[in-house]
Amino acid sequence: MSMHGPIATHRSATGVPTGRLAVWWLMASEIFIFGGLIACFVLFKLNGTPGFEDASLTSLTAGAVNTFVLLTSSLTVVLAHAAIEKGDREKSFLYIWYTIGGGFVFLGVKAYEYTGKIINGHIITENLFWSFYYTMTGLHALHVIGGMVIMALISFDIRKGHNYQRVELIGIYWHFVDLIWIFLFPLLYIANF
Amino acid sequence: MSQAATAVQTDTNAEHHEELSFLYKYILPTDHKIIAMQYIFTGMIMAVIGGYFAYAFRMQLAFPGELVPLYGLVGPGEYNMLVTNHGTIMIFWVAMPVLIAGFGNYIIPLMIGCDDMVFPRLNRLSYQIFLASTLVLILSFFVKGGGFGGAWTAYPPLSSVAEYSLTDWGASLWVLAVALEFVSFLLGGINFVTTTMNARAPGMKMMDIPIAVWFIVLAVILFMASVGPLIAGAVMLFMDQRIGTSFFLPSGGGDPLLWQHLFWFFGHPEVYVVLLPTLGIVADIITVFSRKKLFGYKTVLYTAFATGGLSFVVWAHHQFIAGIDPRMANVFVVTTVLISIPLAEMMFSYIATLYGGSIELKTPMLWALSFIAAFLIGGVTGIYLGASALDVYFHDSYFVLAHFHYTFFPITIIGMFAAITFWFPKMFGRMMNDTLGKIHFWGTFIPFNCIFLPLFFLGLAGQHRRIYNYNHFPDLATQELQNIRIFATVSLIVMLCFQLVFIYNFFVSMFKGKKAPDNPWNANTLEWSTPSPPPHGNFKTLPTVYRGAYEYSVPGREMDYWPQNEPPEES
Amino acid sequence: MIEYFVYSASSFAGEIDDLFFVITLIIGFWFFLTFGALVYFIFKFRRKDGVKAQYITGEKHSETKWTHYPHFAVIAMDVVIIAVNILVWVNIKQTLPPRDNLVRVIGQQWSWSFIHAGPDGELDTADDVATVNDLHLKIGDTYHFELQSRDVLHNFAVPAFRLRQDAVPGRTISGWFKPTKIGTYDLQCAEMCGYGHGIMGAAVTVHSEESYNTTMAQIQNGTYESHYQKRMGTKTPLPSYTSQVDDEDSFAVLLASIF
Amino acid sequence: MSEAYAHPNYVKIWIWLLVLLALSVAGPMLEIPTLTIITAFGIAIVKAFLVAANFMHLKFEKKIIWFLLLMSICMLGVFFFGVAPDIMMTEGDQWIDCIADKSCVEQRL
């Protein structure tokens, strides 16, 4: 969607702008990737595989703090979108950087949590629960990092005054990352029976 | 995006597309046509590798223990590696890039009348990821221990534990290559679907889209909806291999059957992912060369929807005897056999399209008709395997092998040749030699049947797949069965030799062929309304569509075709 | 039709052969019908100068009936196939008839171990008889098998019995068969299991009662000569048989002797 | 951005989300397993819906997007229930023995 993009990009036979439609398709395929992992986790958990009682060892506080951080960053990114719609570039820029800051806090808490677990000997190969724990949260953290990088690029772009619609697109992606966490939180931190 | 709703509809787009340097035109292109060529050529190179592998292991089967000319000795480990990578390459690196990514890229923007994909740079990125996956796969043949040899289904624990597979890095690189390839096609797929949904020419309604585009998009949607769990599974398998987790290892609480489910939940829709584009291309070709409207456009479309939907609920028929719950098998038998209904109806519609036509047997038409004939055999033999009780006998036998080669060969190879011979004039602006094309056709189609028809009988005789030397099984080491194996191998060599005719024809026609007119086949769809080859930006003036894609031989018109973009006469 | 190629040596082999026959009839009918129509149309409607193709949309009822009626017929025949198949399947895999005898089959890379239950009909007792790559069965007995794997997936496949079942590590899968024909048959591993997959065979011998008892006694005395090895030694040499194959053979025998 | 729609009050939604979060954290403290499942997963679904509908503007989105997302979730459901009988009902190696006993099969069916 550069300035010289093809005409095709600006057509909209469905009524949904092309960029947003593509992001929704991306979200649909991400549902399958995370959904597949979560489905496997649930299958093993309901099957009573030994090791899944270790869910009680995860830190509920850390999980809750991270949920809070992600929910708040979701708020800021949607406010960034609202601001850019009014044409307020500087405010939008600021809100995007609040969101990125939220991402850093999230990763910090995550790192603290991982450290604590590894010191206590709960490494990825200990049992199936910890394998799933590190795989799922790790994949999620990769999505967080990816989102932060893209957001940083976009923030400078909009300050220069182009590609405003991308704020909404990265917003949808960020909310999706938030949604995944909303489901990972009860699975990994709360349901410890 | 503010101009999105009010897209400038018929501006001349020449000023967007200034001349590009060689680097940006051919190496880092954003033009969908060049990217399509990149996919097609990469796919064809991989097809040569896959064919070479087939040659090596078929020689070993016919003359066990002998040195294979141009290869050397095929030992058991090498044999496993050859069959595994033959399967992987032919499905993931030939069928998918050529038919979906290659021809999808080429014909979607042209057929729906826009100047490019909606995300040209995403398109380039997805090709580059694909190329990386190709290189990773090729690299995996040369690491210590050799390429992965655990069958293309990669069932753990064999694939996840190096001590069992004896291919430590070969297996990991294989998983990595496949996962990269999936990511590439996910990105490409998003592009295809969005393009078709949003960037259609003004006036083109859903029911005016050519079947080829419909089917490629359906295939992409099937792919996107099925591949997710397998990407998750590939991550898990990779971690089993390299980190030592035990998602699929019973000793650590995991379950090997889980991978089979993840794999086949993707693997069965994948069959339809590669099938649908060819069916669509064939539909377009038979209408053009029989000068007929497609029989029951909507019926064909709905049968494809039904097939696609059903394909998601049949996956466990690959696992009837894999230790799944036997009661679940009954459910999957019902869904599997049900899939014959929409596919049969679709085939009936295709054949009915020929009725009352004016059939001209040009090379593309020969390929298209031979596809229908060969796919009929592949389709009906699938019924045997969908029946769980017969699967008890046929599972992993040569019957299965012959069956899916009777589907995959028509899909991949015949479909590829049909598409190439049909769109060659558009791609390169020159005609292919029809006589050489026909020689190549008969030289491919007859040996193809000679290879795979006998294998059905080997399957009936209880011969198993993936065994490098049948001398170890006294029941199978009889002279009669060995004669069949030799016959199949000789046919294969004959077929491979005839491919030289194609390669000669392809390259000579590309540079020295007769100049092609804009619309050599008198076809209706939009790609034929632009010069051959289309310039960067495709159309001088972006077209407007007035009618469906298959208005051939309309009564009361002098011409027997009626291009989609021709304005209706004032009356 | 399968019988033409392979002995049918178990009680349910006939059912599977019949199912094959039923399906062959049905799909043969459809195949020749559609294939005939295809070929006929190609020859009948060739391009002739001055003859224009007909304009048929395929959307009117008078036209769609040509594809719809056959497709209803396909549904009817599908129901037949499903019904016959489920009858056979339920018999083979879903019900377990009372057993006369028991054998444990253990697959590993790349050989088969068999533990015959012995006279008492129970496993894990003192009279168990263990063999490698040699399964001995008594004709007419209904056998239950317990299928296990030590490492990767294997498949317990005896074509003459029309029997096939994956061995999954971590699970014990049971099933049944009833040999009905005396003779020695191939057992092949039918699931890719690595380097030696191509040599992972065994000999299944169906004995009369008398010969079964003799063989079992011989095994316990240690005077038994492996059927598997005898069989591998007497196979018909092929035209291109070379010394390399012999090397592989001895490898197989070596492997067999280890376990 | 061409479509004009009123922005919902995002801060209000956010406060709701935080309340729900507090509830789901408080849920397990009562130590009633059934209640925990309801608070944990029920609330997760409500939260997900709130985020999707308001923050992601699904409320204002075309029906086709809903269809797309629901289709994904349905397919996951198909996957889960197709796999569940094999992976979950194994209980080690007992299930085939259960098949062996005919009365047991009838009970299960």
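Proteins get letters first, then strands, A, B, ... in listed order; numbering begins at 1 in each.
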Participant: I'd like to check D:W14 versus A:V78 (side-chain heavy atoms, cut-off strictly below 4.5 Å). Are they in contact?
Facilitator: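 Not in contact.
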
Participant: Can you tell me which of D:N54, D:L68, D:I73 forms the most heavy-atom pairs within a distance under 4.5 Å of chain A?
Facilitator: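 The residue among D:N54, D:L68, D:I73 with the greatest pair count is D:L68.
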
Participant: Count the heavy atoms belonging to other residues, nucleotides or ligands that lie under 6.0 Å from CZ of D:F67, then report whether that count exceeds 12.
Facilitator: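 No, not enclosed.
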
Participant: Do D:Y10 and A:T76 come close enough that some side-chain heavy atom pair is under 4.5 Å?
Facilitator: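 The answer is no; the side chains never approach within 4.5 Å.
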
Participant: Measuring heavy-atom distances to chain D, does A:W25 have an atom under 4.5 Å in its side chain, in its backbone, in both, or in neither?
Facilitator: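 Both parts, heavy atoms under 4.5 Å.
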
Participant: Is any side-chain heavy atom of A:T14 closer than 4.5 Å to a side-chain heavy atom of D:K62?
Facilitator: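 A:T14 does not reach D:K62 side chain to side chain.
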
Participant: D:L58 vs A:W24, test: side chain to side chain contact (heavy atoms under 4.5 Å, CB included). Steps then yes/no.
Facilitator: CA-CA 10 Å; D:L58 262 185; A:W24 282 117; 3.8 Å; yes

Participant: For the residue pair D:V51 and A:F176, establish whether any side-chain heavy-atom pair is separated by less than 4.5 Å.
Facilitator: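 No, their side chains stay 4.5 Å or more apart.
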
Participant: Side chain, backbone, both or neither: which part of A:L60 has an atom under 4.5 Å from a heavy atom of chain D?
Facilitator: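 A:L60 touches chain D through side-chain heavy atoms alone.
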
Participant: Give me the one residue out of D:L17, D:I13, D:L50 that meets side chain to side chain contact (heavy atoms under 4.5 Å, CB included) with A:L71.
Facilitator: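 So the option named by the test is D:L17.
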
Participant: Pick one of side chain, backbone, both or neither for A:L187, based on which atoms fall under 4.5 Å of a heavy atom in chain D.
Facilitator: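 The answer is both parts of A:L187.
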
Participant: With a 4.5 angstrom heavy-atom cut-off, is it the side chain or the backbone of A:T61 that approaches chain D, or both, or neither?
Facilitator: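 It is neither, since no heavy atom gets under 4.5 Å.
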
Participant: Within a strict 4.5 Å, meaning less than it, do heavy atoms of the D:L21 and A:F185 side chains meet?
Facilitator: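 In contact.
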
Participant: Measure D:F55 against the heavy atoms of chain A and call it side chain, backbone, both or neither at under 4.5 Å.
Facilitator: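 Both the backbone and the side chain of D:F55 come within 4.5 Å of chain A.
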
Participant: Would you mind reporting whether D:K47 and A:L179 have side-chain heavy atoms less than 4.5 Å apart?
Facilitator: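 No, too far: nothing below the 4.5 Å cut-off.
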
Participant: Which atoms of D:I65 are under 4.5 Å from chain A, going by heavy atoms: the side chain, the backbone, both sets, or neither?
Facilitator: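 Just the side chain, heavy atoms under 4.5 Å.
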
